[in-house]
Chemist: 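Take a look at the following structure, please.
On a predicted model such as this, the values are computed, not experimentally measured, just so you know. Side chains included, hydrogens not; waters and symmetry mates left out as well; all remaining heavy atoms used.
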Amino acid sequence: GRIDGRPVVVCSNDFTVLSPTASWVASHKEADLKRLAARRGLPIVYLAEAGGARMPDIMGSAGIASFGNSTYYGTRRRRVPMVTAVLGQSYGLPTWNACLSDVVVMLEGASMAVSGPRVLELATGEKISPEELGGARMHAEETGFADLVGKTEDECLALVKRVLSYLPSHNRQAPPTAEVPAGSDAEMGTIADLVPEARNRAYDMTRVLRRLTDGGEIFQIKERFGKSVITALARMGGHVVGFVASQPIQKGGACDADGCDKATSFIVLCDSFNIPLVFLHDIPGFFIGRDAERKRVAGKIITWMDALGMVTVPRVSIIVRKTYGQAYFNMGGGGYADLLVAWPTAEMSFMDPATGVNVVHGAELARLPAEERAARRQELLAQWELDTLPYGAAARHLIHDVIDPADTRDVVVRFLAQSRARSAIGRHRLAGWPTTF
């Protein structure tokens, strides 16, 4: 069929037919449709509401073996976008399809899991509702498997269409362009007013993103997961960009393990479908402590870096306010962006100046008489705060420029236009990256 005039392939479960458990024939039919889509460069839309494989078909040696060539595992390589909408109770095969997809939309009240509550109770004795087992809230907030959630089926289908409006039909094509709404840059002169100068003052980074984008529109992906990081699709100058931005109103902007997973999967999505990346730093570092370590945050930080190092689409990195420690590199600093600029409000260092003075000069300060200690600490702090300003890095050509915040949109739009003049298509080195984490 067609969505907004563009050809697509749609596969939908029919719940009126045997629940609709997947027979051998049905699974091969579905796989053929997906292979056809990949060959012809057509996006795949999968509408999920099914009970998994049909037991009489898949039991026994011949049964299980007959399903082998009907799967899509390991063959996608992101040649075309795949979007799944989970619209009801979905177990087994539809869950595999969701986990193979680039974007998953989930209906409130729907459920997806490896096996349904009935099989779970018979196999293990555990009694649990579909919502508790794999509902939209859990997958949107805890696992991150649901990128978007809709209240009705119509809303879910509208979200599928909106996702596709930002993605090309295949990976050898640039994303769709759109007219720039009038007045899109009208309020750039006051964008700096949205960001408090004090590093410990919180604010909503989405307001900054909306000021930068065409028509003030952003489309957040995984909005309810890893909330201290924003991942969003938008347009600047009529062309699609992907934002990875700190969110200071969540954990002070400190990124946790979920935020790392969220950023990594979004970077993979953008690089696979020729969407330039724009990073906005206001990050005090990574969320640390016992719970963070048990969630394997160190490995997830480096997984993010591993993906970032393989990106071939243009990368722009903007230091809005603070950027400390390893987070500076994860957000595109240190040579991981093609253009790295800072606002005058930027602070760049290993850690915040107050903590740094305590760590480095704590012993020295402790030896001073009480009446001298405060003055000496203030003197050291003033020097450290001066050293964190971006001008020292700019003077050594370690960042490209310190820019007026009002010029940010123009700087990004002009740089990306120059990049497109060379090539609008990336090399897709992340195409084989796992779709789930």
Chemist: With a 4.5 Å limit on heavy-atom distance, are the side chains of Met112 and Pro94 in contact?
Modeler: no
Chemist: Distance-only, no hydrogens or angles: does the Trp304 side chain make a donor-acceptor pair with backbone N or O of Asn330 under 3.5 Å?
Modeler: yes
Chemist: For Thr206 and Asp204, does a side-chain donor sit closer than 3.5 Å to a side-chain acceptor?
Modeler: yes
Chemist: With no hydrogens and no angle check, is any side-chain donor or acceptor of Ser184 less than 3.5 Å from a backbone partner on Val180?
Modeler: no
Chemist: Between Lys161 and Asp4 (side chain of the first, backbone of the second, donor and acceptor by atom type, cut-off under 3.5 Å), is there such a pair?
Modeler: no
Chemist: Cut-off 3.5 Å, side chains only: do Arg429 and Thr312 have a donor facing an acceptor?
Modeler: no
Chemist: Can a donor-acceptor pair be found between the side chains of Tyr328 and Gln326 at a distance below 3.5 Å?
Modeler: no
Chemist: Using a distance-only test with no angle check, is there a side-chain donor-acceptor pair under 3.5 angstrom linking Arg377 and Asn358?
Modeler: yes
Chemist: Kindly say whether Arg315 contributes a backbone atom to a donor-acceptor pair with the side chain of Asp338 at under 3.5 angstrom?
Modeler: yes
Chemist: Verify, without hydrogens or angle tests, whether Arg201 (side chain) and Glu197 (backbone) share a donor-acceptor contact under 3.5 angstrom.
Modeler: no
Chemist: What is the distance from atom CG of Asn13 to atom CG of Leu47, rounded to the nearest 0.5 Å?
Modeler: 8.0 Å
Chemist: Lys227 versus Gln247: any side-chain heavy-atom pair under 4.5 Å?
Modeler: no
Chemist: Starting at CZ of Arg79, measure out to NE2 of His428 and round the result to the nearest 0.5 Å.
Modeler: 12.0 Å
Chemist: Nearest heavy-atom pair of Arg6 and Pro176: which atoms, and what distance?
Modeler: NH1-CG, 3.7 Å
Chemist: Shortest non-hydrogen contact from Asp147 to Val103?
Modeler: OD2-CA, 3.3 Å
Chemist: Side chains of Leu280 and Met205, heavy atoms from C-beta outward: is any pair under 4.5 Å?
Modeler: yes
Chemist: Think Arg235 forms a cation-pi with Tyr166, using NZ or CZ under 6.0 Å from the six-ring centre and within 45 degrees of its axis?
Modeler: yes
Chemist: Give the C-alpha distance, both sets of side-chain angles, the deciding distance and a yes or no for side chain to side chain contact (heavy atoms under 4.5 Å, CB included) between Leu194 and Arg211.
Modeler: CA-CA 9 Å; Leu194 301 176; Arg211 194 67 59 89; 3.7 Å; yes
Chemist: Which of these, Glu131, Glu108, Glu132, Glu142, sits in a salt bridge (charged side-chain N to carboxylate O under 4.0 Å, His left out) with Arg137?
Modeler: Glu142
Chemist: Tell me whether the count of non-hydrogen atoms from other residues, nucleotides or ligands lying under 6.0 Å of CZ in Phe287 goes above 12.
Modeler: no
Chemist: Would you call the rings of Phe145 and His139 parallel, tilted or perpendicular, taking 30° and 60° as the class edges?
Modeler: parallel
Chemist: Does the side chain of Thr323 come within less than 4.5 Å of Asp282's, by heavy atoms?
Modeler: no
Chemist: Could you go through the side chain to side chain contact (heavy atoms under 4.5 Å, CB included) check for Thr388 and Met348 one step at a time?
Modeler: CA-CA 5 Å; Thr388 67; Met348 306 167 59; 5.7 Å; no
Chemist: Establish, for the pair Lys222 and Phe266, whether the NZ or CZ atom is under 6.0 angstrom from the six-membered ring centre and no further than 45 degrees off its axis.
Modeler: no
Chemist: Return yes if some donor-acceptor pair links the side-chain N/O of Asp214 with the main-chain N/O of Pro181 below 3.5 Å, else return no.
Modeler: no
Chemist: Under the side chain to side chain contact (heavy atoms under 4.5 Å, CB included) criterion, do Tyr46 and Leu100 qualify, and how do the steps go?
Modeler: CA-CA 11 Å; Tyr46 182 81; Leu100 282 167; over 6 Å; no
Chemist: Salt bridge check: are Asp256 and Lys295 linked by an N-O gap of less than 4.0 Å?
Modeler: no
Chemist: Side chains of Met331 and Ile283, heavy atoms from C-beta outward: is any pair under 4.5 Å?
Modeler: yes
Chemist: Can you confirm whether the side chains of Glu187 and Thr190 place a donor and an acceptor under 3.5 Å from each other?
Modeler: no
Chemist: Quick one: are Thr408 and Ile403 in side-chain contact, heavy atoms under 4.5 Å?
Modeler: yes
Chemist: Specify the closest pair of heavy atoms between Tyr203 and Ile249, including all atoms of both residues, with the distance to one decimal.
Modeler: O-CG2, 3.0 Å
Chemist: So, Ser317 and His281: side-chain donor and acceptor under 3.5 Å apart, yes or no?
Modeler: yes
Chemist: Look only at the side chain of Lys322 and the backbone of Arg199, and say whether a donor-acceptor pair between them is shorter than 3.5 Å.
Modeler: yes
Chemist: Between CE of Met82 and CG of Asn97, what distance do you get to the nearest 0.5 Å?
Modeler: 4.0 Å
Chemist: When rounded to the nearest 0.5 angstrom, what is the spacing between CD1 in Ile267 and OG1 in Thr303?
Modeler: 11.0 Å
Chemist: Count the heavy atoms of every other residue, nucleotide or ligand shown that sit under 6.0 Å from CD1 of Ile288, and state whether that count exceeds 12.
Modeler: no
Chemist: So Asn171 and Val80, do their side chains get closer than 4.5 Å, heavy atoms only?
Modeler: no
Chemist: Roughly how far, to the nearest 0.5 Å, is the CD atom of Glu347 from the OG1 atom of Thr345?
Modeler: 8.5 Å
Chemist: Using the side chain to side chain contact (heavy atoms under 4.5 Å, CB included) rule, take Val341 and Ile319 through it: C-alpha gap first, then chi angles, then the decisive distance, then the call.
Modeler: CA-CA 6 Å; Val341 296; Ile319 305 168; over 6 Å; no
Chemist: Between the side chain of Thr152 and the main-chain N/O of Glu155, is any donor-acceptor distance below 3.5 Å?
Modeler: yes
Chemist: For the side chain of Thr95 and the backbone of Ser90, is there at least one donor-acceptor N/O pair under 3.5 Å apart?
Modeler: yes
Chemist: What I want to find out is whether Arg35 reaches Glu30 closely enough, with some N-O distance under 4.0 Å, to be called a salt bridge.
Modeler: no
Chemist: Quick check against the 3.5 Å criterion: does Arg321 have a side-chain atom that pairs as donor or acceptor with the backbone of Pro196?
Modeler: yes
Chemist: With rounding to the nearest 0.5 angstrom, report the CH2 to OG1 distance, Trp384 to Thr355.
Modeler: 9.5 Å
Chemist: Less than 6.0 Å separating the ring centroids of Tyr336 and Phe329?
Modeler: no
